[in-house]
Amino acid sequence: MAKTKTPQAIRGTQDIFGAEAESFAFVVETFERVRKLYRFRRAEMPVFEKTEVFARSIGETTDIVSKEMYSFEDRGGESLTLRPEFTAGIARAYLTNGWQQHAPVKLATHGPLFRYERPQKGRYRQFHQIDAEIIGAAEPQADVELLAMADQVIRELGIEGVTLHLNTLGDGDSREAWRAALVEHFRSVKDELSEESQERLEKNPLRILDSKDRRDQRFVADAPKIDDFLTDEARSFFDAVTSGLDAAGVKWVRAESLVRGLDYYRHTAFEFIPDEGSAAADALGSQSTILGGGRYDGLIESLGGPSTPAVGWAAGIERLAMLVGEKGEEPASLMVVVESDAAAVREAGQKVLNTARRVGIDSEMIATGSPRKRYDKAVKSGAAAILSLSDEDGRIAHRLKGDDEALARLDPLFNAIAESMSASPQT
RNA sequence: GCGAUCGUAGCUCAGUUGGUUAGAGCGCCGGUUUGUGGUACCGGAGGGCGGGGGUUCGAGACCCCUCGAUCGCCCCA
């Protein structure tokens with residue numbers, strides 16, 4: 001018979017197991033715990049939407065929409081897209097379910113996202129994020145609340161050497177005036193810019209500000225600053241955010257060239273970035289931002305809703321998991337070793353095992369393989385306590401081993417153990 | 001979309017300038033030793049070298065294509 005070929009996993013997807021999966025779970029569990037402290041409400045959305053949900057919110061013409069979304073047609077010929085981010089889907093859900101009645105509403109979610117991109121370190125076609133949004137709140141206090149939560153999530157994950165980089169893009173008028181000034185500034189030195197930035201000048205001039213190319217950085221230093229274009233309202237909004245963060249004890253630095261590419265962003269923009277030379281920076285390679293977001297007051301309108309202020313962030317679970325270190329799988333609290341193939345011995349072991357689990361003691365049984373090597377396997381597993389059961393001349397013999405602390409936990413089990421001992425093995 | 005590096009047993013890898021039946025460690029299975037024990041020893045199963053084509057008397061090693069991985073560029077919602 002011809003050997004059938006095992007299908008390969010889809011490019012850019014990952015199978016997560018063992019220590020890595022434990023780190024992944026730790027990130028999600030920490031996020032869930034902190035999100036409850038801040039009273040964010042859980043939301044679940046479909047992983048796919050009509051393509052227009054993302055296309056309209058992101059902008060039809062961008063590279064993102066044309067090349068980097070995972071889109072396909074369903075059987076009815078409708079264009080669908082696997083969600084590349086949470087925000088647009090949440091906004092759609094907010095509108096179609098009348099969540100406006102709860103506004104302002106704090107929402108948290110997490111799950112898989114999809115982008116049709118070339119995989120590299122910390123970047124996959126299916127990846128996972130945690131996400132928090134506050135919809136319907138125009139006041140700077142919402143930004144502060146959201147950022148305080150992000151900061152606490154990172155701290156409770158035990159991630160060190162990461163700093164909040166903060167900027168403001170101002171309101172619509174501020175942003176437009178600034179953008180125009182930037183275009184003028186860079187156009188005057190166009191020929192000296194990198195090829196990429198000459199392109200960006202037309203398509204996305206703000207992006208020139210965070211170019212990695214030396215040739216560009218010379219001109220970034222003396223580029224027009226957003227601060228010179230802020231309206232009084234925009235300035236006082238930003239001041240309120242920063243003083244709120246100070247009051248909340250969240251450390252931040254001003255990052256004047258931090259921008260968000262899409263037009264609907266207003267006011268606050270931020271990223272948590274590993275400090276230069278930190279262990280975190282080394283671990284992440286060129287994909288350095290671990291959490292990013294901002295205020296997107298224009299997004300919900302672009303989906304046909306009422307003008308609605310909102311602010312949110314998202315963070316890649318895989319990247320966070322890389323930074324929380326190994327979360328090894330815990331050895332069992334109790335390992336039951338059946339050192340005999342007699343049915344009564346195995347059944348005695350099963351009885352203890354069941355009792356242990358019912359009283360909340362995680363436990364596992366070893367009853368296969370070479371009998372004489374079963375105990376060795378248990379020792380190797382690092383279990384806190386080991387109960388071995390054997391058949392000695394027709395009676396069940398048992399030995400319990402472990403340190404005092406481990407044995408104290410097993411107290412509720414002693415009756416069950418004694419009871420199983422009363423049975424006698426059949427030979 | 002572009003570039004660089006890489007792809008050999010379940011895992012980590014070694015395989016000289018192409019040459020007889022493809023190797024090690026770990027893991028797994030079995031046995032011996034020990035006998036209250038994570039030891040040591042012996043043995044076993046398991047791959048035909050990502051896939052396809054080519055060069056050659058002969059290719060895991062060279063060439064082409066393809067798939068995938070890794071890292072970087074572009075992009076980054």
Side-chain angles (χ1 to χ4, degrees), chain A residues 3 5-15 17-18 49 53-70 81-91 113-125 127 129 131 133 194-200 203-204 206-208 210-213 258-265 269 271 282 284-290 292-294 296 298-299 302 312-316 319 331 335 337 339 366 368-383 386-390 392 397-401:
Chain A
K3 197 175 173 187
K5 249 188 298 176
T6 303
Q8 286 181 310
I10 304 298
R11 158 176 252 181
T13 62
Q14 39 179 351
D15 302 304
F17 175 73
E49 300 272 357
V53 170
F54 306 112
R56 283 169 53 188
S57 63
I58 290 168
E60 314 274 353
T61 60
T62 60
D63 276 8
I64 291 171
V65 169
S66 56
K67 302 203 303 222
E68 291 158 25
M69 297 203 309
Y70 229 119
T81 294
L82 300 176
R83 63 184 180 192
E85 55 151 10
F86 283 113
T87 308
I90 288 176
L113 301 169
F114 306 84
R115 294 179 186 178
Y116 200 89
E117 293 183 291
R118 193 71 177 266
Q120 53 183 284
K121 189 178 184 108
R123 183 170 173 172
Y124 299 93
R125 285 190 174 176
F127 57 102
Q129 289 187 340
D131 180 280
E133 314 276 348
S194 67
E195 295 74 18
E196 290 81 18
S197 286
Q198 296 187 28
E199 287 274 317
R200 292 183 182 119
K203 297 199 298 199
N204 203 346
L206 270 53
R207 277 279 157 207
I208 298 174
D210 54 16
S211 168
K212 293 170 192 163
D213 197 304
L258 192 162
V259 295
R260 304 248 97 199
L262 305 183
D263 288 344
Y264 55 69
Y265 281 103
E271 294 179 351
D282 292 345
L284 291 175
S286 67
Q287 306 294 318
S288 57
T289 298
I290 65 169
Y296 51 94
L299 171 63
S302 76
W313 59 254
R319 284 187 205 174
M335 189 68 85
V337 181
E339 294 191 75
I366 298 178
T368 57
S370 171
R372 69 190 336 153
K373 284 182 180 168
R374 292 177 194 173
Y375 191 88
D376 287 348
K377 203 183 272 184
V379 173
K380 260 194 194 174
S381 79
I386 300 174
L387 173 69
S388 66
L389 303 173
S390 55
E392 277 182 14
H398 75 286
R399 284 204 343 282
L400 185 59
K401 202 182 172 188

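The sequence lines fix the lettering, A, B, ..., with proteins before strands; numbering per chain opens at 1.
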For this session: Specify the glycosidic conformation (syn or anti) of B:G48, with syn defined as within 90° of 0.
Result: syn
Within the structure shown, what part of the strands sits under 4.0 Å from [X] by heavy-atom distance: base, sugar-phosphate, or nothing?
X        : answer
A:Gly12  : sugar-phosphate
A:Ser57  : nothing
A:Glu271 : nothing
A:Arg115 : base
A:Arg200 : sugar-phosphate
A:Lys67  : nothing

If we take the [atom1] atom in both [N] and [M], what is their distance in whole Å?
N     : M     : atom1 : value
B:G23 : B:C49 : P     : 15 Å
B:G51 : B:U33 : P     : 44 Å
B:C28 : B:C11 : P     : 15 Å
B:C64 : B:C71 : P     : 25 Å
B:G60 : B:G15 : C1'   : 8 Å
B:U5  : B:G18 : C1'   : 23 Å
B:G50 : B:A14 : P     : 14 Å
B:C75 : B:G3  : C1'   : 16 Å

Nearest to side-chain heavy atoms of [X], which nucleotide of [options]:
X        : options             : value
A:Lys380 : B:G72, B:U39, B:U70 : B:U39
A:Glu117 : B:C29, B:C74, B:A77 : B:A77
A:Gln8   : B:C75, B:U70, B:C67 : B:C67
A:Tyr265 : B:G38, B:G72, B:A77 : B:A77

Exercise. B:G58 pairs with which nucleotide, Watson-Crick or G-U wobble, both distances below 3.5 Å?
Worked result: none
Seminar exercise, completed: Across every strand shown, the nucleotide meeting Watson-Crick or G-U wobble geometry with B:G30 (both distances under 3.5 Å) is B:C42
Problem set entry | Toward the 5' end of RNA chain B, by each residue's nearest nucleotide, A:Tyr264 or A:Arg11 | A:Arg11
Problem set entry | 5' precedence on RNA chain B between A:Glu339 and A:Thr87 (nearest-nucleotide basis) | A:Glu339
Distance check, rounded to the nearest 0.5 Å: [X] atom [atom1] versus [Y] atom [atom2]?
X        : Y        : atom1 : atom2 : answer
A:Arg56  : A:Tyr264 : CZ    : OH    : 13.5 Å
A:Arg123 : A:Arg319 : CZ    : CZ    : 7.5 Å
A:Thr13  : A:Gln8   : OG1   : CD    : 10.0 Å
A:Thr289 : A:Leu284 : OG1   : CG    : 9.5 Å

For this session: Determine the sole option in A:Tyr124, A:Tyr70, A:Phe127 for which the side-chain contact (heavy atoms from CB on, under 4.5 Å) test with A:Arg115 is passed.
Result: A:Phe127
For this session: Would you state whether a donor and an acceptor, one from the side chain of A:Arg123 and one from the base of B:C75, lie under 3.5 Å apart?
Result: yes
Problem set entry | Base B:G38 to side chain A:Lys373, donor-acceptor N/O within 3.5 Å cut-off | no
